[in-house]
Amino acid sequence: MQKKDELYRGKAKTVFLTDSDDKLVLFFRNDTSAFDGEKIEQLERKGEVNNKFNHYIMQKLEAAGIQTQVEELLSDAECLVKKLDMIPVECVVRNIAAGSMVKRLGVEEGLVLSPPTFEFFLKNDALHDPMVNDYHITAFGWATQDQIEEMKRLTFAVNNVLKPLFEEGGMLLVDYKLEFGLDADGNIVLGDEFTPDGCRLWDKETRKKLDKDRFRQGLGSVVESYIEVAKRIGLEL
Ligand code: TMP
Ligand code: ASP
């Protein structure tokens with residue numbers, strides 16, 4: 001497999017074409033972004049840590065029967081993935097109220113949500129990722145109703161795998177964001193990444209934040225916390 005031209009540069013990852021039409025390389029950079037790119041810093045080892053973390057989680061999801069984009073770890077900061085036609089929405093499941101839900105609805109941070117909630121956001125930094133619903137998604141042709149149902153089903157299936165995994169490591173999976181795409185056969189496949197950049201994880205006892213909120217809120221020890229999370233779920237980095 002030969003890495004070719006850059007296809008797309010996101011806020012934290014760069015996507016490269018390869019000599020194979022249906023494969024891409026994800027390069028995890030050290031760039032760390034918050035508030036839709038308003039705050040960006042380079043954090044040493046973050047690319048490597050997130051690349052290996054993502055690969056580890058995606059393997060767990062594959063083992064549970066959830067199809068992912070990931071093919072193989074190529075190097076410290078690179079991963080070979082299947083090419084997907086990405087659906088431009090973010091799927092967010094929340095087990096506990098935090099972040100934008102707290103601001104939007106005035107509920108208390110830490111409130112346990114029963115059942116967990118599901119929200120769609122449009123992936124658009126200029127518009128600050130506005131919340132959208134099924135009707136917007138079908139009306140604008142971003143996905144069909146069947147594809148919407150499949151994204152919801154898979155996003156909750158991920159909860160069933162990862163909530164217990166983090167709980168065994170003494171952590172609460174507060175919320176997380178997933179992105180899906182279509183493979184060459186039209187199947188909905190989990191793409192992008194699952195790392196502490198795109199979820200909230202709290203220590204079960206102390207409620208210490210172990211995810212990107214440390215960066216958003218200037219709490220320090222960002223990458224160190226990601227490494228601790230990895231260790232607690234059986235990944236030594
Ligand atoms: P929120 O509370 O800001 O809506 O975020 C909910 C979860 O989704 C949280 O774990 C962070 C993640 N997320 C991203 O990874 N990228 C985004 O652009 C947004 C809006 C949320
Ligand atoms: N992922 C978005 C950004 O990079 C939002 C966030 O995580 O705060 O700016």
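Order of appearance sets the numbers: ligands from 1, and atoms from 1 within every ligand. Start at 1 with the first residue, then count along the sequence.
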For this session: For side-chain contact (heavy atoms from CB on, under 4.5 Å), just list the numbers for M1 and L80, CA-CA rounded to whole Å, side-chain angles, deciding distance to a tenth of an Å, and then say yes or no.
Result: CA-CA 9 Å; M1 199 282 311; L80 184 69; 3.9 Å; yes

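- The protein heavy atom nearest to atom 18 (O) of ligand 1 is D129 OD2, 2.9 Å.
- Relative orientation of the F118 and F120 rings is perpendicular, given thresholds of 30° and 60° on the angle between their planes.
- Within 6.0 Å of CD on Q42 lie more than 12 heavy atoms contributed by other residues, nucleotides or ligands.
- At least one N or O atom of D175 sits closer than 3.5 Å to an N or O atom of ligand 1.
- Nearest protein heavy-atom neighbour of atom 21 (C) of ligand 1: E90 OE1, 4.3 Å.
- Of the protein's heavy atoms, R200 NH1, 3.6 Å lies nearest to atom 5 (O) of ligand 1.
- When the shell of 6.0 Å around CD of Q217 is examined, it contains more than 12 heavy atoms from other residues, nucleotides or ligands.
- Contact atoms of ligand 1 toward S100: 1 (P), 2 (O), 3 (O), 4 (O) (distance under 4.0 Å to a heavy atom of the residue).
- Residue contacts with ligand 1, taken as heavy atom pairs separated by less than 4.0 Å, do not involve E119 at all.
- Shown in contact with G99 at under 4.0 Å from a heavy atom are these atoms of ligand 1, numbered in order with element: 2 (O).
- Separation of atoms SG (C91) and CG (L178) is listed at 6.5 Å; rounding is to 0.5 Å.
- Residue R94 places at least one N or O, backbone or side chain, under 3.5 Å from an N or O of ligand 1.
- Residue contact check for ligand 1: R216 places a non-hydrogen atom closer than 4.0 Å to it.
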Check: residues 3-12 side-chain donor-acceptor pairs under 3.5 Å, at least two apart:
residue : atom : partner : partner atom : Å
K3      : NZ   : E78     : OE2          : 2.6
K11     : NZ   : D125    : OD1          : 3.2
K11     : NZ   : D125    : OD2          : 2.9

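- In terms of modelled atom types and a separation under 3.5 Å, the side chain of N51 and the main chain of S75 share a donor-acceptor contact.
- Counting only N and O atoms by type, the side chains of N159 and N95 include a donor and acceptor under 3.5 Å apart.
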Distances for all N or O pairs of ligand 2 and the protein under 3.5 Å?
residue  : atom  : partner : partner atom : Å
ligand 2 : 4 (O) : S33     : O            : 3.2
ligand 2 : 4 (O) : S33     : OG           : 2.4
ligand 2 : 7 (O) : K212    : NZ           : 3.0
ligand 2 : 7 (O) : R216    : NH2          : 2.9
ligand 2 : 8 (O) : F35     : N            : 3.2
ligand 2 : 8 (O) : R216    : NE           : 2.9
ligand 2 : 9 (O) : S33     : OG           : 3.0
ligand 2 : 9 (O) : F35     : N            : 3.3
ligand 2 : 9 (O) : D36     : N            : 2.5
ligand 2 : 9 (O) : G37     : N            : 2.9

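- For the residue pair N187 and D183, a side-chain donor N or O sits within less than 3.5 Å of a side-chain acceptor on the partner.
- Between D36 and ligand 1, no pair of N/O atoms sits closer than 3.5 Å.
- Of all atoms in ligand 1, listed by their number and element, those nearer than 4.0 Å to a heavy atom of C199 are 10 (O).
- Scanning K11, K123, K177 for the heavy atom closest to atom 14 (C) of ligand 1 points to K177.
- Taking the ring axis of F121 as reference, the NZ or CZ atom of K177 does not stay both within 45° of it and closer than 6.0 Å to the ring centre.
- Using cut-offs of 30° and 60° on the angle between ring planes, the pair Y176 and F194 is tilted.
- Formation of a donor-acceptor pair under 3.5 Å by the R232 side chain with backbone atoms of F166 is not found in this model.
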